[in-house]
Protein chains: 2
Amino acid sequence: MDTSKPEQGNGTRDRILAAAATVLAREGYAGTRLTDIAQHAELRAPAVYYYFSSREELIGEVMVVGQRWVRTHVSEALAALPSEATSLDRIETAVEAHLRVELELSDFARAVTRNSGQLPPDLRAPVAAESALYHSIWRELLEAGHADGSIRADLDLRTARMLVIGALNWAAEWWNGERGTVGEVIGTAQALVRHGLAAPPRPA
Amino acid sequence: MDTSKPEQGNGTRDRILAAAATVLAREGYAGTRLTDIAQHAELRAPAVYYYFSSREELIGEVMVVGQRWVRTHVSEALAALPSEATSLDRIETAVEAHLRVELELSDFARAVTRNSGQLPPDLRAPVAAESALYHSIWRELLEAGHADGSIRADLDLRTARMLVIGALNWAAEWWNGERGTVGEVIGTAQALVRHGLAAPPRPA
DNA sequence: GTCTATAAGTAGATAGAC
DNA sequence: GTCTATCTACTTATAGAC
């Protein structure tokens, strides 16, 4: 399976994948018609069957590729940090990477966030597996901060993780570039998350 | 239009409405079949047409009723606060009321959050109007805190509002009662939001 | 590789009995 | 008020030409 950035659309197959993400994000799983995907990709529906064996397979691949791309991007951003980076620095980096890839790749991101709960049973497992891998990155980030005392000790880490990722995912729903840059969203999200999680400075 | 709590289901009409919310939350706008709604309401599809003139009208009403119920609940919780309540107390109350109604009424809440972006143009306007009314409550809460100095002065209030509401809305996606109570989610969300927004205590 | 034509299935909606 | 029967429209998927 091709793991390159899906929208670059080198070939027809990638163009179909990107078209499917666009329609999926707008119309939802059940509302995504093969003819609409084909039209966005500038060909006719039967041509899609040359690259994908069914509508379900195509949709499943959009979801997995989109989710994996987010994980890869966040994971690479964390790997690029110097080893001195604090737990909260690492979390801020993850916030930035998540928002940047999500708002750039917003069709794929919205396709995943809006439809992962609406998929038929056959498609659920691979998407859930990718999503679990992504969540485990965040679980480790929060546990590290909790262990070194930079995150408040009384915080429920799982709930906090779900709330933070929810806030970030939801950005693809409302952000459209008309009112401010991605950088502005990132700055606000980083401030909210940092102060929301951080333990108060201990008295000297 | 009936504005009573939608799930109580006094009559057949309310039972259909609740059934539609359930199917809508799970299957999405386009995936919501009239026959599935009818089955959940324990009758046959043509009976639905006795109460609603079309599938679209029924779905539109689920969305508006669900969104209005959230607004009403939050707004009543705020009205019940004593006048001495601080801006941050008011925000914590809104967090609690939002989560409580959303996780109790989760079919309606999920129907609104997941599908408001997937509606056909005819249904969009009334839902958007209700949603705008709800957001204006939060806008005022944040502006009050900003004005009295309890919220950090450098925060972008619109972005902060969207991120906070996004985090709360998303809870209906992952919370299922199996791992903790609503109260625990509320406590974590209140702590994250309060510390995320609050201005640092000024030096004496 | 992509097309036109078409088969097979399923949905919303209406007619009309009870 | 709710049902059974049915009409019409639309969707996925395949066959086979180019």
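Chain letters run A, B, ... following the sequence lines, proteins first and then strands; every chain starts at 1.
For Gln118(A), the side-chain hydrogen bond (donor to acceptor under 3.5 Å, both in side chains) test picks out no residue, with sequence neighbours left out. Partners of Asp36(B) by side-chain hydrogen bond (donor to acceptor under 3.5 Å, both in side chains), not counting sequence neighbours: none found. With sequence neighbours left out, the salt bridge (charged side-chain N to carboxylate O under 4.0 Å, His left out) criterion links Asp89(A) to Arg194(A). Residues forming a side-chain hydrogen bond (donor to acceptor under 3.5 Å, both in side chains) with Trp138(B) (at least two apart in sequence, or on another chain): Tyr134(B). For Arg100(B), the side-chain hydrogen bond (donor to acceptor under 3.5 Å, both in side chains) partners at least two apart in sequence or on another chain are Glu96(B). Taking Arg161(B) as the reference, nothing meets the salt bridge (charged side-chain N to carboxylate O under 4.0 Å, His left out) condition, with sequence neighbours excluded. Checked against salt bridge (charged side-chain N to carboxylate O under 4.0 Å, His left out), Arg71(B) has the following partners two or more places apart in sequence or in another chain: Glu130(B). Among residues two or more places apart in sequence or in another chain, the salt bridge (charged side-chain N to carboxylate O under 4.0 Å, His left out) test is passed with Asp154(A) by Arg152(A). By the side-chain contact (heavy atoms from CB on, under 4.5 Å) test, Thr159(A) is found to be paired with Asp156(A), Leu163(A), Trp174(B), Val185(B), Thr188(B), residues two or more places apart in sequence or in another chain being considered.
In summary, contact between chain A and DNA chain D, defined as any nucleotide atom under 4.0 Å from a heavy atom of the protein, begins and ends at dT11(D) to dT14(D) in the 5' to 3' direction.
Atom pair Arg44(B):CZ and dG12(C):P shows a separation of 16 Å (rounding to whole Å applied).
Contact check on Arg114(B) versus Glu173(B) returns a salt bridge, with a Lys/Arg side-chain nitrogen under 4.0 Å from an Asp/Glu carboxylate oxygen.
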Sub-3.5 Å pairs of nitrogen or oxygen atoms, protein against nucleotides 13-15 of chain C:
from: dA13(C); atom 1: OP2; to: Tyr49(B); atom 2: OH; distance (Å): 2.5
from: dA13(C); atom 1: OP2; to: Arg55(B); atom 2: N; distance (Å): 3.0
from: dA13(C); atom 1: O5'; to: Tyr49(B); atom 2: OH; distance (Å): 3.0

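The overall bend of the helix from dG1(C)-dC18(D) to dC18(C)-dG1(D), read as the angle between its terminal helix axes built from five base pairs each, is 10° when rounded to 10 degrees.
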